[in-house]
Structure formats: structure tokens, C-alpha cells
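Shown next, in C-alpha cells, is the structure this report addresses.
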Amino acid sequence: MSIRVSKKLIRHSENVISAEGGIIACDTETTGLNFRREDKPFAFSFTDYAGNDSYIRFPVDPYTRKVKYDTSSDRYQSLKRFYSDETTVKVFHNAKFDMGMLKSIGIEVKGKVLDTIIFAHVNNSNMQMGLKPLGKLLFDFSDSDQKELKDSVKRARSIGKKRGYKLAAETAADYFLGDPDMCKLYAVQDTQRTMYLYWYFEVKYKEDPEYAALVDMEHKMLWVSQRMEDRGIGIDFKKCLELSDYYDEVKNEMLGRMKDLGYSSLNINSPKQLGEVFYDQLGLSPIYRKRKTVSGSKLTQTTDSKALDTWAREGVELAECIVAYREADQQVKTFLKTFFSEGMDDANGHFTIHPNYKTCGPVTGRISCMKPNLMNISNPGTKNSNVEQRVRECFVPRGEDTVLYFVDYDQVEIWIAMFLSKDRRGMKQLLAGDDLHGDMAKKIWGGQYNMDNETIFKKWRKRAKFCLFGLIYGAGASAIQDTAGCSKTEAEYIRDTFWKTYPDLYKYSKSLAAEAENEGFVTNKYGRKYQIDSGHEYKALNYIVQGTAAEVMKRALINIDNKLKMRQAKRFPVKAKLLLSIHDETCVEAHKDDLSVPRLIVKAMQGDMHKVVGIPQPFSAGVDIVTTNWAEKKEFKWLD
């Protein structure tokens with residue numbers, strides 16, 4: 001579809017936001033990105049379906065960064081009426097952000113909301129999802145307006161610094177300081193870009209039922225994720241302080257051990273210094289990685305994190321110290337500092353954190369999150385270092401009468417892989433309740449280790465599980481070598497043993513790779529296409545398995561959210577709230593005496609999603625309960 005971009009200046013109509021009904025693209029310009037704290041919107045732009053534009057702006061005090069709203073003014077009230085009008089379709093690019101900003105100033109968005117990120121992501125998840133890159137790619141819409149505004153802001157910031165203005169760390173957060181006309185042009189052209197995107201995808205949305213169904217599902221998920229973010233989860237502030245001290249002690253201990261080894265001046269972040277120590281001084285066998293060059297790629301010696309993990313497993317003390325130091329440092333930087341900077345008290349005085357979910361982020365459609373990235377919060381014992389993974393201790397129920405339920409799918413991706421591929425052995429094992437990972441561990445390492453010993457068996461079962469998932473996700477022998485901490489010969493044996501055990505899955509992976517090579521994409525059972533670049537066809541099985549699991553999880557979250565809303569409508573206890581989504585696991589907060597919640601969650605997660613994959617029974621889901629903190633969750637005991 002080709003759309004010619006008008007080079008004219010803004011066509012301004014005061015009637016755009018006063019009109020009822022219709023489809024209107026909306027955007028906000030803000031003093032920063034954190035609407036849960038001090039950042040607020042100062043300008044509002046609109047473009048209607050016919051291409052008419054409108055713009056409203058409020059003054060900002062540069063010394064305090066406070067936006068001066070007059071809530072009784074016609075401008076503010078017109079905004080409130082517009083966004084609360086349920087007959088008007090509001091189109092955003094990254095709707096959750098704008099809706100959060102509006103909510104922070106007392107304006108709640110009602111009625112139908114459409115997000116052009118969703119339209120674009122469902123169409124091609126490999127595309128750059130930024131508004132301006134999409135506008136430039138699809139419509140040749142110049143992004144010079146942003147550069148001109150930034151140049152104007154930089155000049156204003158230089159003056160403002162001398163005057164004592166309260167400046168932001170990033171130039172983009174100070175757009176209110178720039179030339180007013182440039183800011184207006186920039187803001188309205190963003191809503192023009194948004195409307196152009198809606199026009200672009202509207203035809204496909206109306207003509208392609210599978211595409212429309214996926215877009216509609218993602219819009220339901222948008223509202224679910226917004227509610228999860230708003231609720232947040234309780235955090236034990238004192239425990240955060242305690243863990244911060246604990247990890248500082250670990251880091252100091254590792255530095256002390258390194259000093260005793262004679263490496264007090266070693267810069268552990270310098271590849272050059274690490275290479276000199278591990279290869280030149282300690283004489284360790286080289287570990288190689290492919291490095292891209294102008295002419296292609298070549299193998300070079302490395303001291304990257306995977307190499308350090310390998311040496312640490314082999315008992316090289318210096319490597320153990322570096323791995324442990326980095327792990328402790330990561331726990332502080334990634335999680336604890338985020339808790340301190342992003343956490344806040346809720347209406348009842350409980351300290352909470354509100355993760356930012358991206359439902360249209362990864363190519364596969366998996367949900368991701370940031371601030372903090374909950375997907376990276378590890379179970380104790382899942383890392384290669386000896387540093388305790390204790391961050392889960394910080395997550396707590398809010399109030400003595402409240403508990404957390406964590407409900408986790410049981411091997412959902414393995415079920416999906418085996419039944420989509422119709423692998424006869426895999427399907428038979430799963431339906432019989434056999435332990436695939438345990439059987440594989442015994443098959444690969446049973447001749448070397450005593451698998452009757454529970455501790456030994458658990459160790460190698462975990463390793464077999466990681467290898468199995470790695471192979472499904474397209475890992476080669478070198479990746480398996482890193483995962484299992486073994487030789488290349490053993491990694492090849494693990495790979496070959498796995499594929500010989502599940503030959504139908506192997507054939508399926510090859511057929512998907514061939515499909516990706518011929519078509520440039522593969523399609524899951526829900527109709528979602530995954531574009532795959534030439535040379536990356538090995539990712540096809542990964543995209544289908546992870547992508548299908550993502551579809552299942554999103555539908556499960558929508559089901560849970562709907563069932564909890566229905567309970568509230570029927571005057572059930574209203575404390576049950578969906579809080580988190582972590583990989584294949586959900587977290588719901590409920591009253592400790594409301595024992596109907598676990599069964600409700602499990603039924604919602606099971607639904608009928610298994611039928612699409614061809615599985616003859618609902619997905620299995622286990623329930624854990626938390627009365628103290630996440631790290632101490634226990635299996636929920638069902639009352640028949």
C-alpha cells in the first residue's frame with residue numbers, strides 16, 4: 001500500500017477533540033517516561049480519520065518541571081470529555097504509555113483503544129516498532145522534525161543550565177524547552193504517522209480474519225497487562241536493604257580471594273587483561289568464539305562469560321571469583337537498585353514495584369518486561385556460580401490476610417513440540433506421565449554416574465533439560481557444549497542422542513527450516529507468521545514452539561482476568577488480582593481464606609488451548625502458595 005505524505009504544515013482544526021464518534025489518533029508529549037513518579041504530559045496532539053489535526057499545550061515551570069494544569073479550564077475539560085467518550089476510537093502508538101500518562105493527571109481513557117504497535121507486530125514481528133522508523137520505512141515520512149526539535153532543545157538547555165533550570169538527563173525529556181512551533185509540528189506529525197499506520201493496516205485487518213483475530217487478542221492483552229502493571233506486587237524494603245549488604249559482602253569476599261591469589265589489580269572487565277592472565281599466565285586451553293569481520297567471520301580466543309563459566313566449573317579459582325563477583329553485582333544492579341528507584345508505597349502503605357510489560361516485544365510474541373526484568377529472576381541453584389540467588393525473598397503478599405498463588409504450566413513447550421511434530425515416542429511418554437528429562441539424563445550419562453543417587457540424578461536431569469530446550473531452540477553442538485560444560489565430542493553425542501530418541505521431532509524441525517527457506521516465514525496454528533531471514537532457518541522450530549506457548553499464555557492471562565472480573569461483578573471477595581506473568585507462570589494475589597482461587601486459575605489456564613495444538617487433554621498446571629515470600633513458596637494442598 002502506498003501513501004503519499006503531505007509536505008504541508010499542520011492543518012489545524014479545533015473540532016478534532018470535541019467531535020464525538022469517529023477514529024482519532026492521539027499522542028502525548030511528556031517531561032519524562034516515568035508517569036508513576038514526577039513525569040507528566042504537557043502537550044496533546046490529535047489527527048482524525050480525515051487528516052485534520054489539533055494540538056493542546058500546558059505551560060511547564062522549567063525550575064521545577066511541574067506542568068501547570070488548570071483542571072477547571074476549557075482545555076483540560078475538553079481533554080477529559082474526549083478521552084472518556086466511549087463512542088470515539090482512540091488510536092495510539094504504544095497505548096499503555098499514553099494511557100498511563102493521562103491517568104497520572106486524572107484523565108481515564110474509556111471506549112475502544114487501538115495500538116498501531118500491535119498492528120505492526122502481528123503483521124511482521126521482525127520490524128522496528130518505533131513510530132518514526134515505521135513512518136520512514138512504510139511511507140518515507142521524514143524524521144527531520146525530531147532532529148530540528150532536538151537541536152532547538154539543546155540550545156535551550158544550554159541557556160537553561162546557566163539560569164538554573166531543572167534539566168533532565170535526556171534531551172528528549174526537555175522538549176517543552178524547545179521552540180514551541182517546532183514542538184507543535186513534531187507532536188502533530190506523530191499523530192499523523194499514527195493515523196497513516198492505522199490506514200496502512202486497516203485493509204488487512206478488515207480482509208484477513210486470522211490477522212484480525214490476533215490483533216483483537218493482543219488488544220485484550222494490552223488491557224490485562226495494564227491492569228497487572230497498575231496493581232504491582234508487594235516488596236519487602238527491609239529485605240532489599242539486607243540483600244544489598246549481603247551481595248556487597250560477597251563482592252568484597254571475592255576481591256579478597258583475588259588479592260590472595262595475586263590479582264588485586266586485575267580489571268575483571270578488561271578482555272585484554274583477562275586473556276593475559278588465563279592464557280599467558282595460567283596456560284589454560286583456548287576457548288574460541290566466532291567473531292564477525294569485514295570478510296565474514298573468524299575464530300578468536302575469548303574470555304567471555306561462557307568461557308569464565310566453563311573454567312569455574314573446572315575448578316579454576318580465579319574464574320570462580322570473577323563469576324561470583326559478577327553475579328552478585330548483577331543482582332544488585334539489575335534488581336535491588338531497580339526496587340529502590342522504581343518502588344513506591346501504594347494506597348495502603350505497602351511498598352510495591354510495578355513491572356513494565358511488553359506484550360509485543362520479542363519476535364516470538366513472548367511477553368517481556370523491564371524495571372525489573374522478572375524473566376531473569378532465577379530460582380536458587382540455577383546459576384553456575386555459588387552465589388545464592390535470593391532476590392525472590394523480596395517479593396511478598398500485601399497484608400497478613402493475603403497470600404500469593406503461583407500457577408505454572410508443566411512442560412508446556414515440550415508438550416507443544418511433541419504434539420505439533422507428532423513425535424510418537426514423545427507423545428507416548430508425556431501421556432504416560434514419564435519423565436522425559438530424567439530418561440534422557442540416564443540415557444546420556446547413566447554409564448558414567450550413579451543415577452540412583454538423588455542428588456546426582458537431579459544435577460544431570462537439570463543439565464539434560466537445559467540441553468533439550470537448547471536443541472529445540474536451535475542450539476548447535478557448541479551451544480550444547482557451553483550449556484552442559486562438556487567437550488565438543490560429548491556435546492555432539494548429546495545432540496545426536498536427543499534427535500535419535502525423537503526422530504519425528506527432528507523431521508519436523510527440518511521441514512520447518514525448509515518451509516522458512518522457501519517462503520521466508522513459518523506460521524503457527526493461530527495464523528501468526530514469523531518472518532525468518534535467510535541463513536537463520538534453524539530458528540523455525542524455536543519460533544513455532546515458543547510462539548505457540550506465547551499464544552497459550554496470553555489467552556490464559558486473558559481468561560484469568562475475565563474470570564476474576566466476573567467474580568467481582570457477582571460480589572465475590574474482590575481481593576483476588578492478577579499480578580505477574582513470568583515465562584509460563586502466573587501470580588495471583590488473594591485473601592488467605594478464599595480457597596476457590598487456585599482452582600479458578602488452573603481452569604482458566606487450561607481452557608481449550610490444548611485443542612489447537614492437537615493435545616487430547618488440557619495442559620497440566622501446578623499451584624504453589626506463598627504466605628511469606630516468593631523464595632519460600634510451597635506446593636498448594638488441595639482440599640477435595
Using the test salt bridge (charged side-chain N to carboxylate O under 4.0 Å, His left out), find all partners of D410 that sit at least two apart in sequence or belong to another chain. none

Shortest non-hydrogen pair, D584 vs D408, comes out as O-OD1, 2.9 Å

Would you check if Y247 and V387 make a side-chain contact, meaning some heavy-atom pair closer than 4.5 Å? yes

Would you please indicate yes or no on a ring centroid separation below 6.0 angstrom for Y279 and W311? yes

Quick one: does any side-chain atom of N124 pair with a main-chain N or O of N126 as donor and acceptor, under 3.5 Å? yes

Check this for me, if you would: do D435 and K465 make a salt bridge, where the nitrogen-to-carboxylate-oxygen distance has to be below 4.0 angstrom? no

So, T352 and H354: side-chain donor and acceptor under 3.5 Å apart, yes or no? yes

Are R36 and D230 within salt-bridge range, i.e. N to O under 4.0 Å? yes

When you compare the side chain of F335 with that of Q330, does any pair of heavy atoms fall below 4.5 Å? no

Pi-cation contact, Y165 with R157 (under 6.0 Å, within 45°): no

For D143, is there an ion pair with K132 - N to carboxylate O distance below 4.0 angstrom? no

Is the W460 ring parallel, tilted or perpendicular to the W445 ring (thresholds 30°, 60°)? tilted

Salt bridge or not for D533 and K539, using N-O below 4.0 Å? no

Pairing residues for R326 by the salt bridge (charged side-chain N to carboxylate O under 4.0 Å, His left out) criterion, not counting sequence neighbours: none

Would K166 and Y63 count as a cation-pi pair here, with the cationic atom under 6.0 angstrom from the ring centre and within 45° of the axis? no

Heavy atoms, side chains only, cut-off 4.5 Å: are W630 and L404 in contact? no

Within a reach of under 6.0 Å around CD of E170, are more than 12 heavy atoms found that belong to other residues, nucleotides or ligands? no

salt_bridge(D329, K333) N-O dist < 4.0 Å: yes

Is any side-chain heavy atom of T64 closer than 4.5 Å to a side-chain heavy atom of E38? no

Could you check whether any side-chain heavy atom of I287 comes within less than 4.5 Å of a side-chain heavy atom of T310, counting everything from C-beta outward? yes

Between T548 and V545 (side chain of the first, backbone of the second, donor and acceptor by atom type, cut-off under 3.5 Å), is there such a pair? no

Salt bridge between R390 and E242, side-chain N to carboxylate O under 4.0 Å? yes

Is there side-chain contact between K337 and V332, with at least one heavy-atom pair below 4.5 Å? yes

Min side-chain heavy-atom separation N94-M129 under 4.5 Å: no

Would you check if the side chain of R461 reaches a backbone N or O of K442 as a donor-acceptor pair within less than 3.5 Å? no

Criterion salt bridge (charged side-chain N to carboxylate O under 4.0 Å, His left out) on E490 and R495, from CA distance to verdict: CA-CA 9 Å; E490 185 176 359; R495 178 198 61 196; over 6 Å; no

When every non-hydrogen atom of I353 is compared with those of K371, the smallest separation belongs to CG1-O, 4.3 Å

Donor-acceptor pair, distance only, cut-off 3.5 Å: does the side chain of D346 make one with the backbone of H350? yes

For the residue pair F469 and H437, does the interplanar ring angle fall in the parallel (under 30°), tilted (30 to 60°) or perpendicular (over 60°) class? tilted

Near-ring test Y506/F498, centroid separation under 6.0 angstrom: no

Quick one: does D423's side chain have a donor or acceptor within less than 3.5 Å of a partner on G426's backbone? yes

Checking T338 against E342: is there a side-chain donor and acceptor pair closer than 3.5 Å? no

Can you tell if the side chain of L580 reaches within under 4.5 Å of the side chain of Y357, non-hydrogen atoms only? yes

Is D151 salt-bridged to K147, cutoff N-O under 4.0 Å? yes

SB check R257 E317 (cutoff 4.0 Å): yes

Classify the side-chain pair Q331/Q389 by whether it contains a donor and acceptor separated by less than 3.5 Å. yes

Centres of the W415 and F619 rings: under 6.0 Å? no

Neighbour count >12 (heavy atoms, 6.0 Å) for atom NZ, K251: yes

